[in-house]
Amino acid sequence: LGTQEMTSVVAFDLRNFPVSLQRMMSEGYCIGHSLVEALDVWAGVFSAATGEGQEGRSPATTALCLFRMSEIQARAKSCSWDFELILPNCKEGDKPERVQPIASSTLIHSDLTSVYGTVVMNRTILFLGTGDGQLLKVILGENLTSNCPEVIYEIKEETPVFYKLVPDPRKNIYIYLTAGKEVRRIRVANCSKHKSCSECLTAADPHCGWCHSLQRCTFQEDCVNSGQSENWLDVSYGAKKCPKIQIIRSSRDKTTVTMVGSFSPKNSDCTVRNVDTSRVLCQGKSQLNRTCTCNIPTRPIYRDVLMVNVTFSFPSWILSKRFNLTNCSSLRECSKCIVTGCAWCNSARRCIHPFTACDPSDYQSNQELCPFAIEKPPKNPEGGRFKENKSNRTNQGLQVFYIKAIEPQKISTLGKSNVIVTGANFTRASNITMILKGTSTCDKDVIQVSHVLNDTHMKFSLPSSRKEMKDVCIQFDGGNCSPVGALSYIALPHCSFIFPATTWMSGGQNITIVGRNFDVIDNLIISHELKGNINVSEHCMATFCMFLAPSLKSSKARTNVAVKLRVQDTYLDCGTLQYLEDPRFTGYRVESEIDTELEVKIQKENDNFNISKKDIEITLFHGENKQLNCSFENITRNQDLTTILCKIQNIRNANSIATSSKKVRVRLGNLELYVEQESVPSTWYFLIVLPVLLVIVIFAAVGVTRQKSKELSRKQSQQLELLESELRKEIRDGFAELQMDKLDVVDSFGTVPFLDYKHFALRTFFPESGGFTHIFTEDMHNRDANDKNESLTALDALICNKSFLVTVIHTLEKQKNFSVKDRCLFASFLTIALQTKLVYLTSILEVLTRDLMEQSSNMQPKLMLRRTESVVEKLLTNWMSVCLSGFLRETVGEPFYLLVTTLNQKINKGPVDVITCKALYTLNEDWLLWQVPEFSTVALNVVFEKIPENESADVCRNISVNVLDCDTIGQAKEKIFQAFLSKNGSPYGLQLNEIGLELQVGTRQKELLDIDSSSVILEDGITKLNTIGHYEVRMRLDLDIYFFLTQLNWMTSNVEYSDDHCHLILPDSEAFQDVQGKRHRGKHKFKVKEMYLTKLLSTKVAIHSVLEKLFRSIWSLPNSRAPFAIKYFFDFLDAQAENKKITDPDVVHIWKTNSLPLRFWVNILKNPQFVFDIKKTPHIDGCLSVIAQAFMDAFSLTEQQLGKEAPTNKLLYAKDIPTYKEEVKSYYKAIRDLPPLSPLEMEEFLTQESKKHENEFNEEVALTEIYKYIVKYFDEILNKLERERGLEEAQKQLLHVKVLFDEKKKCKWM
């Protein structure tokens, strides 16, 4: 039953439940549910939250309720219409009756979001998701009683768990939960936290058991030899079956050491050793299937043995226990005496040494009858139940106690030692207790008051707890419990980043820490290596913390300090704050455009400080100690200096103030500086000097002009020689690279990331309609094959009528508004609908192909199957994809993936412009980066910072990576990330845009970004992206990788840069103008594109062997056998040509080429993302287009006549094409010469392929889409059926299908 259906036909009886639960289920709504089929129980999570997020929450906001399905089905009465509760035809007696939840299993919690129930070893387990990222586990006891939930997983980011929890279909020890944008696979139990067998089995978790061979609590599949009897004890055994070593008095003369419990006693040894002397007191060996025993004789000498170590050794495990016999005589209780290994002598009523004489019968009887002490929880005056009063006033006798509030209302999971409760008359009570009530099935916390401060304030020390919201009430002198309100236990604070991360030595700058849960910190600390811990005053809200940077004036010029948060006695690292030298100001100038406003421009040296408006205060001094406050406007950074602009407005005589200004005072936090005015020459000085300079310039110009004319001719000749030298060098370098360069292709590139068949097929069927993927694949595992509705079943039967289906297709193709896109979609829907009937689909393909030949034979037969303009052409593409998917995966997939990998490797070996994606190494001239800068390789030592929750011993955290000095930071990160993945896989589960790059030189660290305050801004406002060379990274420096969340990072590697950015192609180059337009002007170094055409050849040479391996895997015959689909369809085309008396062999060759290479292989070669789980870049797409063109040229019968002016894309493989053509002809001939397939062989192959793909797709969706086309052209199809003979029955079936669909539409099913 779905939630909607459940709530529409069933009412719930809540009269016997708490008021909060009644309100929740009557006024709230169901947010998650699960059907526990084995128990015949429906579990639902209900919410009464009234606000968004955490708003409107209380400790009783959500509840888990269980209902018996038998009661629901017995009491629910439905009307004739589905999903509607109130209808005119519903009689008064048909109203749904009430169903009561199972009271013992109801669980009330502050923030549940989802539930999943299952039964393991006859025990019911419920998994619950919460709104703060917890996964809880509830184990129902007898009578379905809920226990206190166990937290088995917490999401660090505290994102809410999605409403649906899904178990792993193969391994029942995992469950999938969705939170945020991630799906996580979580173990269903934390068995390892139980440290002893008794603790493991007492926990009663059916997923866990005690593994003898490993001597720890594990899942059954994690236990070695768990299949052997008694090697793994599950919870059904109980703690009494845990192996336990005992010392038993067997007779007056000896004491026996043995082991009891459930285990296999075979081949066991036992030893008792005196710890003090290491002397062996006795040894034993198991006999047959009996447990090993060790007998120690009663001798006076053994009375001095104070400590013994007993060891039982089995073939795969060892159990040992140390008994301390020092204080036997001091023990006064029988139970404590026996637990320590001593003996209780009933006649003497005292505890004795186990090796001391005592009547054995007296000893044995007392050992069996001696009770163990059981601690009982103290009872409170109310008999174990606390009375709660809804009023916050408590009348105790004549005393009236008043509760006002509790502060704070949020504390961390560590607890808090100084929680203050305010109210009245506290000093009149002698016994004050706080009671915390969280999850309804968990024990309450009872805390005695720490200190009554005065009549209105008292202090409590609250213990640690899990994350949840709890109700608080106060009890005075055993009276009623007065409610205080809600108290939230939340996770420890988490810091995301500090901004700004750099400040000046004098301090006083406003620093902000961004993160979460900052409202529970006790104080903020700056930790300095010389000054120690400095407490700073902070202002904290939930998501940010603000403080003023303290002064470190006496420290060295540059230093890093750690920012820490103190919560109770725990210190949390929050990041690093870097201190640099104080800013240096060089001068200022005052400008006045109007008489009521002044602009003050203050110059300072460039630095890395992020100064904001609230950090700076500027005052202008003028006249006789007069001062004006200047309002900060902005900061502009130039190549040499930084300018701070401020304005003084609403003044008089601005010009006179400007001329009388003396100095400017700048306050930056604690730093106060006085800046002097820049010296400006007077006007009279210019009037005198200017004429003199003009005369000198005129005379100098005459002399210089003559000298320049001579130098001009000399420089022109030098520039021509330099250009000639550059051309010669580039050509020589290109030639040398062709002869000497060798790409190190890695043969072992790991597992090929094939897509599964389902996604391969859908990307092939719908290359431009990605939206169809999810509707054809959703809920396939839960679909019942017998549950197909009547209308779709009838339509399925109808399209299995070959004559009807062919008639429908021909009728649709004759409709003018049945577009090419519609034809392709219809063919793909038909392929999915007949995915499990490939034999029938193949017969349809034959009929439609023959009909297409009839159309083509009247015109040009060579054009048949060349384009996708009919249903049959798209159907052929899909049919080839289905039948050749196995051949593609087994034979062609690996060389194809190696080609893509090698091509990527070659492209990234040289510079790649991140804006235009053009590269130095390419196969496509359109993607050639011909404005090549000087570049060199830089080898980096990269260290990946540890992530505690994801640490792995097998991870290599130190790797060496080669990058180029012209790579952007994003490109460098990508190369580093790929190198890390090739070494370690992805143990951290992080993506590229979740890692940052930090440069470390000595103790100095700097975050590297594509764009930061040091980025170069060109004259026309275009920002040049930072490169490795920009940060002056030299060979073999250490780079430290650190991790942070994507949303907290302003610039990530996935940013698409705008027209206002550039990388390698500068805005004054011709190539840049091709991309950006002609608005940029300037000079650029002379470059000739044709100089770099050798790079195309270099790239071709690098991938040549891999490309040939790929081509030959396509046109090869493994084991001298062609794939069934190819042999079958080629023979079909040969037969049709013979029937039509076509004698021209070129026609059949073209048919075969259009049906296989053109329709299938080219589509695959140009789209590797159809086959592999990879991303295709535009550059790779351009290169693969060249390869695909060469591939098709190999199948062409036309001889290519290429001249010097031919496109480079054609010239690149011109010499190879003749060889490929011969191989293709041999391939076609070899297929033709193979013995023909028998119909039985082909039918068996198609049947096997059909079985492989059962339940891959939701055929009902495909049938529904096909019906939409049928109903759109229903009249035309019906008229065609009426005119055709033999289709009368199909016509009746079609009308019946329409009636069924129309009825469903009325019932609002569609």
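As the structure is a computational prediction, the values presented were derived from the model and not from experiment.
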Ignoring hydrogens and angles, write down the donor-acceptor pairs under 3.5 Å from the side chains of residues 187-195, residues two or more places apart or on other chains.
| residue | atom | partner | partner atom | Å |
| --- | --- | --- | --- | --- |
| Arg187 | NH1 | Asp222 | OD2 | 2.7 |
| Arg187 | NH2 | Asp222 | OD2 | 3.4 |
| Asn190 | ND2 | Ile152 | O | 3.2 |
| Lys193 | NZ | Glu150 | OE2 | 2.8 |
| Lys195 | NZ | Ser192 | O | 3.2 |

* **N/O donor-acceptor pair under 3.5 Å between Thr62 side chain and His109 backbone** => yes

* Asked: Is there a side-chain contact between Leu64 and Leu128 (heavy atoms, below 4.5 Å)?
  -> yes

* To do: Determine, for cysteines Cys197 and Cys242, whether their SG atoms are under 2.5 angstrom apart.
  => yes

* Answer yes or no: is there a side-chain heavy-atom contact under 4.5 Å between Leu66 and Thr106? => no

* Asked: What are the two closest non-hydrogen atoms of Val151 and Leu136, and how far apart are they?
  -> CG2-CD2, 3.6 Å

* Asked: Below 4.5 Å, heavy atoms only, C-beta onward: do His207 and Ile125 meet side chain to side chain?
  -> yes

* Asked: About how many Å separate CD1 of Ile406 and CD1 of Ile474, when rounded to the nearest 0.5 Å?
  -> 6.5 Å

* Cystine candidate Cys481-Cys473, SG separation under 2.5 Å -> yes

* Structure fact -> Rounded to the nearest 0.5 angstrom, the OH-OG1 distance for Tyr489 and Thr413 is 9.5 Å

* **Check: Asn147 and Val138 side chains under 4.5 Å, non-hydrogen atoms** => yes

* Asked: Side chains of Gln475 and Ile435: closer than 4.5 Å at any heavy-atom pair?
  -> yes

* To do: Return yes if some donor-acceptor pair links the side-chain N/O of Ser110 with the main-chain N/O of Pro59 below 3.5 Å, else return no.
  => no

* With under 30° as parallel and over 60° as perpendicular, where do the rings of Phe67 and Phe46 fit, or are they tilted in between? -> perpendicular

* **CZ/Arg216: more than 12 non-hydrogen atoms of other groups inside 6.0 Å** => no

* Is the count of non-hydrogen atoms from other residues, nucleotides or ligands lying under 6.0 Å from Lys241 atom NZ greater than 12? -> no

* Who pairs with Thr439 by side chain to side chain donor-acceptor pair (under 3.5 Å), at least two apart in sequence or on another chain? -> Glu468

* Locate the shortest heavy-atom distance separating Ala429 from Asp477; write the atom from each residue and the value. => CA-OD2, 3.6 Å

* Asked: Closest heavy-atom contact between Gly209 and Trp232?
  -> N-CZ2, 3.3 Å

* Starting from the C-alpha separation in whole Å, work towards a yes-or-no answer on side-chain hydrogen bond (donor to acceptor under 3.5 Å, both in side chains) for Thr145 and Asn143. => CA-CA 5 Å; Thr145 304; Asn143 301 323; 5.2 Å; no

* Asked: Quick one: does Ser412's side chain have a donor or acceptor within less than 3.5 Å of a partner on Leu414's backbone?
  -> yes

* To do: Please confirm whether the backbone N or O of Ile175 pairs with a side-chain atom of Asp168, one donor and one acceptor, at under 3.5 Å?
  => no

* With a cut-off of 6.0 Å (strictly less than), are more than 12 heavy atoms of other residues, nucleotides or ligands near CD of Glu199? -> yes

* Distance-minimising heavy-atom pair for Ala179 and Thr159 -> CB-OG1, 3.4 Å

* Which atom of Ala491 lies closest to which atom of Asn517, heavy atoms considered -> O-ND2, 3.2 Å

* How many angstroms lie between NZ in Lys437 and CG in Asp471, if you round to the nearest 0.5 Å? -> 7.0 Å

* Spacing of Lys467 atom NZ and Asp111 atom CG [to the nearest 0.5 Å] -> 10.0 Å

* Asked: Does Ser465 reach the side chain of Lys470, with side-chain heavy atoms less than 4.5 Å apart?
  -> yes

* Asked: Which value, rounded to the nearest 0.5 Å, describes the distance between Trp42 atom CH2 and Ser70 atom OG?
  -> 14.5 Å

* Structure fact -> To the nearest 0.5 Å, atom OG of Ser114 lies from atom CG of Leu135 at 7.5 Å

* **Derivation of the side chain to side chain contact (heavy atoms under 4.5 Å, CB included) call for Val484 and Met434** => CA-CA 10 Å; Val484 179; Met434 176 184 288; over 6 Å; no

* Assess whether side chain to side chain contact (heavy atoms under 4.5 Å, CB included) is satisfied between Leu144 and Arg68, documenting all intermediate values. => CA-CA 11 Å; Leu144 299 181; Arg68 298 189 187 278; 4.0 Å; yes

* Any donor-acceptor pair under 3.5 Å from Thr441 side chain to Leu107 backbone -> no

* Check: Gln215 side chain, His212 main-chain N or O, donor-acceptor pair, under 3.5 Å -> yes

* Check whether any side-chain N or O of Thr178 sits under 3.5 Å from a backbone N or O of Val183 as a donor-acceptor pair, and report yes or no. => no

* To do: Could you please spell out the steps behind the disulfide bond (SG atoms under 2.5 Å apart) verdict for Cys217 and Cys208?
  => CA-CA 6 Å; Cys217 193; Cys208 301; 4.6 Å; no

* So, do Ile139 and Asp205 sit near enough that their side-chain heavy atoms are less than 4.5 Å apart? -> yes

* **Shortest non-hydrogen contact between Leu165 and Tyr116, atoms and distance** => CB-CB, 3.8 Å

* Between Asp519 and Pro408, is any pair of side-chain heavy atoms under 4.5 Å apart? -> no

* Asked: Taking the six-membered ring for Trp, are Phe476 and Phe401 parallel (under 30°), tilted (30 to 60°) or perpendicular (over 60°)?
  -> parallel

